[in-house]
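See below for the structure under consideration.
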Amino acid sequence: MSIRRFEFEDEDPPWKLAPTAFEDFTLLVGVSGVGKTRTLSSLAAACRAGQGRNSGLYSCRWRIEVDTTAGRLAWTASTAQAPPARSVVTHVSIDLDDDSGIDVHGDRRPAPAFIDELVENDAGDVLVQRRDGAITLLGSDRLLRMKETESVVSLFREEETIAPLHQALRRVHRSRSASWSFIPHDPRRLAERTQGIETMEDLRDARLLMAQKAFILQENFPKQFAEVIESYRDIFPQVTRIIVGPLSTLRRGTEEDEHPLGVDLLGVAIAEDGVEGHILWHEMSAGMRRTLQHLLELALAPRGTVILVDEYENSMGVNCLDAVTEELLRPQRQLQLIITSHHPYVINNVPVDHWRVVTRQGSQVRIVPASEVPALDTKSRQDTPALLRSPARAS
């Protein structure tokens, strides 16, 4: 799948993204503060809302057009204002054998309520519509009233006409380093969930966390795992191994492994020439973490995934940017990449045809091809990064 167009409006506080077209590889460039990060955040949140997850999008309206296995589908939605927050108490257990623990007090708001929704195909046929609380499904005269805090895309995800859209929205992945931190590890449960994984495509399509996929890649697909290691060692030749495993193994059973909930943790580590033991994820340099994260994500993303990467250059030196940018530009398995950057190296090494320039006037944001920005035509390739890093104007 691919996201082809997206527009978004937030009423509180006012912020509006004009209809924006995306290609299979799109680099969002522009001065700081114009809305590059918010564009990705809004897109990711809208896709979460389509999966039935709490997006936190109150008083918002959006339209997203997606190429799916059933052709291009468009979903338009608007949400109600945020209701008053309610106080909640969450009990965090310390010991599974008794009730000891702590109570965490906080505020929580329910998922946004949908006011209007519309799903159309490329021919303009209305597949499902929500209006004034009532839902109409193509081919049915019945007016349905269903959960207002769940989108029609999620409510009808089993319907033949809606399922491709729901599946497409599930394949939007926002790249975050935190998602590679240690996660609870239950070997028996993971083994049950990975039964039937026989090919790389099976692994990529599995509904598993990225760290779990990396573990299965290491254990069951050594050739493909070795390719990731080789790419990583081309950048960091001092690395001898990449290891995915339980913390108890990586730390060799020291007292530091004891977890308050009595469970082991799964994570990623490396070994370096001349360094004793393993270097855990949080002990690596930020550039080494981010490079490994991108290489693993590209290797493990399902066909049709949309990968969103904000401030792509963060923490990576030129040695990392060179290799990873080359990897990103390489034709992938029907992956769509939407990234933001204002780093001179990235801008100068990504063909201008992939650029989309983000500009802002007040709360109005527009994203246009670089060819539509006259100021860029008057600048040399070397001058362009400086132009895109100049202070933002919000008037």
Side-chain angles (χ1 to χ4, degrees), residues 2-50 55-66 74-79 81-82 112 169 172-177 306-315 328 336-348 350 352-376 379 384-395:
S2 299
I3 295 172
R4 289 309 172 200
R5 290 179 66 84
F6 179 62
E7 58 185 280
F8 185 88
E9 184 172 2
D10 191 343
E11 294 180 3
D12 186 21
W15 189 84
K16 184 175 183 178
L17 173 68
T20 300
F22 296 106
E23 303 298 328
D24 288 339
F25 185 99
T26 300
L27 172 65
L28 300 181
V29 298
V31 299
S32 298
V34 291
K36 300 186 297 295
T37 297
R38 188 160 183 181
T39 296
L40 292 193
S41 298
S42 300
L43 177 56
C47 292
R48 284 199 305 274
S55 64
L57 296 177
Y58 304 100
S59 300
C60 293
R61 180 191 177 281
W62 63 86
R63 179 180 174 85
I64 181 169
E65 297 180 17
V66 183
W75 172 41
T76 306
S78 61
T79 57
Q81 294 180 342
L169 297 182
V172 175
H173 170 73
R174 189 163 189 192
S175 179
R176 294 178 183 273
S177 181
V306 179
I307 300 178
L308 309 178
V309 185
D310 190 27
E311 295 184 341
Y312 160 66
E313 70 278 0
N314 269 9
S315 306
L328 291 175
Q336 183 181 22
L337 297 164
I338 304 175
I339 71 176
T340 75
S341 178
H342 46 67
H343 193 284
Y345 180 88
V346 178
I347 294 172
N348 282 329
V350 172
V352 70
D353 291 347
H354 295 304
W355 296 7
R356 293 296 180 272
V357 181
V358 186
T359 61
R360 177 167 66 88
Q361 292 292 324
S363 60
Q364 309 290 312
V365 176
R366 292 180 66 244
I367 300 178
V368 298
S371 59
E372 296 182 18
V373 182
L376 295 182
K379 298 290 181 179
T384 297
L387 177 67
L388 296 175
R389 293 197 311 276
S390 61
R393 294 184 179 179
S395 58

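These numbers come from the heavy atoms of this one structure, side chains and all, not from hydrogens, waters or symmetry mates. Residue numbers start at 1 and run along the sequence shown.
When all heavy atoms of Val352 and Ala370 are compared, the closest pair comes out as CG2-CB, 3.8 Å. Across every non-hydrogen atom of Ala46 and Phe6, the tightest pair is CB-CE1, 4.1 Å. Taking every heavy atom of both residues into account, Gln336 and Ser2 meet most closely at OE1-CA, 3.3 Å. Nearest heavy atom pair, residue Gly50 against residue Leu169, reads CA-CD1, 3.8 Å. Between Ser41 and Arg174, the shortest heavy-atom contact is OG-NH1, 3.1 Å. What you find for Ser55 and Pro112 is that their closest heavy atoms are OG-CG, 4.1 Å.
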Would Val306 and Phe22 satisfy side-chain contact (heavy atoms from CB on, under 4.5 Å), going step by step from the backbone distance to the final call? CA-CA 11 Å; Val306 179; Phe22 296 106; over 6 Å; no
When you look at Thr79 and Trp62, which way does the side-chain contact (heavy atoms from CB on, under 4.5 Å) test go after all the steps? CA-CA 9 Å; Thr79 57; Trp62 63 86; 3.8 Å; yes
Criterion side chain to side chain donor-acceptor pair (under 3.5 Å) on Asp12 and Ser59, from CA distance to verdict: CA-CA 7 Å; Asp12 186 21; Ser59 300; 5.9 Å; no
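Ring pair His354/Phe25 is perpendicular by interplanar angle, where above 60° counts as perpendicular and below 30° as parallel.
In this structure the side chain of Leu308 reaches within 4.5 angstrom of the side chain of Val172, judged on heavy atoms. Put simply, the side chain of Ile64 reaches to within 4.5 Å of the side chain of Cys47, judged on heavy atoms. Between Tyr58 and Gln81, the closest side-chain pair of non-hydrogen atoms is not below 4.5 Å. With contacts defined as side-chain heavy-atom distances shorter than 4.5 Å, the pair Leu17/Ile367 qualifies. Residues Trp355 and Ser371 form no side-chain contact, since every pair of their non-hydrogen atoms from C-beta on lies 4.5 Å or further apart. Looking only at side-chain heavy atoms (C-beta outward), Arg38 and Asp10 come within less than 4.5 Å of each other. Annotation: side chain of Val34 is not in contact with side chain of Val365 (no heavy-atom distance under 4.5 Å). Between Cys60 and Phe8 the shortest side-chain heavy-atom distance falls below 4.5 Å.
Residue Thr20 holds its OG1 atom at 11.5 Å from CD1 of Ile3, rounded to the nearest 0.5 Å. Atoms OG1 and CD, on Thr359 and Glu372 in that order, are 10.5 Å from each other to the nearest 0.5 Å. The distance from atom CG of Leu40 to atom CD1 of Ile338, rounded to the nearest 0.5 Å, is 7.0 Å. To the nearest 0.5 Å, atoms CD (Glu9) and CD (Glu11) are separated by 6.5 Å. We find the CZ-NZ distance between Arg61 and Lys16 to be 8.0 Å, quoted to the nearest 0.5 Å. Here Leu43 contributes atom CG and Arg48 contributes atom CZ; the two are 10.0 Å apart, rounded to the nearest 0.5 Å.
Looking at Leu27, Thr340, Leu328 one by one, the single match for side chain to side chain contact (heavy atoms under 4.5 Å, CB included) with Tyr312 turns out to be Leu328.
The side chain to side chain contact (heavy atoms under 4.5 Å, CB included) search around Arg63 returns Glu7, Glu65, Ala74, Thr76, Glu120, not counting sequence neighbours. Arg4 is linked by a salt bridge (charged side-chain N to carboxylate O under 4.0 Å, His left out) to Asp24, Asp67, counting only residues two or more places apart in sequence or in another chain.
Checking side-chain atoms of Ser42 against main-chain N and O of Thr39 turns up no donor-acceptor pair under 3.5 Å.
The existence of a salt bridge linking Glu311 and Lys36 is excluded, since no basic side-chain nitrogen approaches an acidic carboxylate oxygen closer than 4.0 Å.
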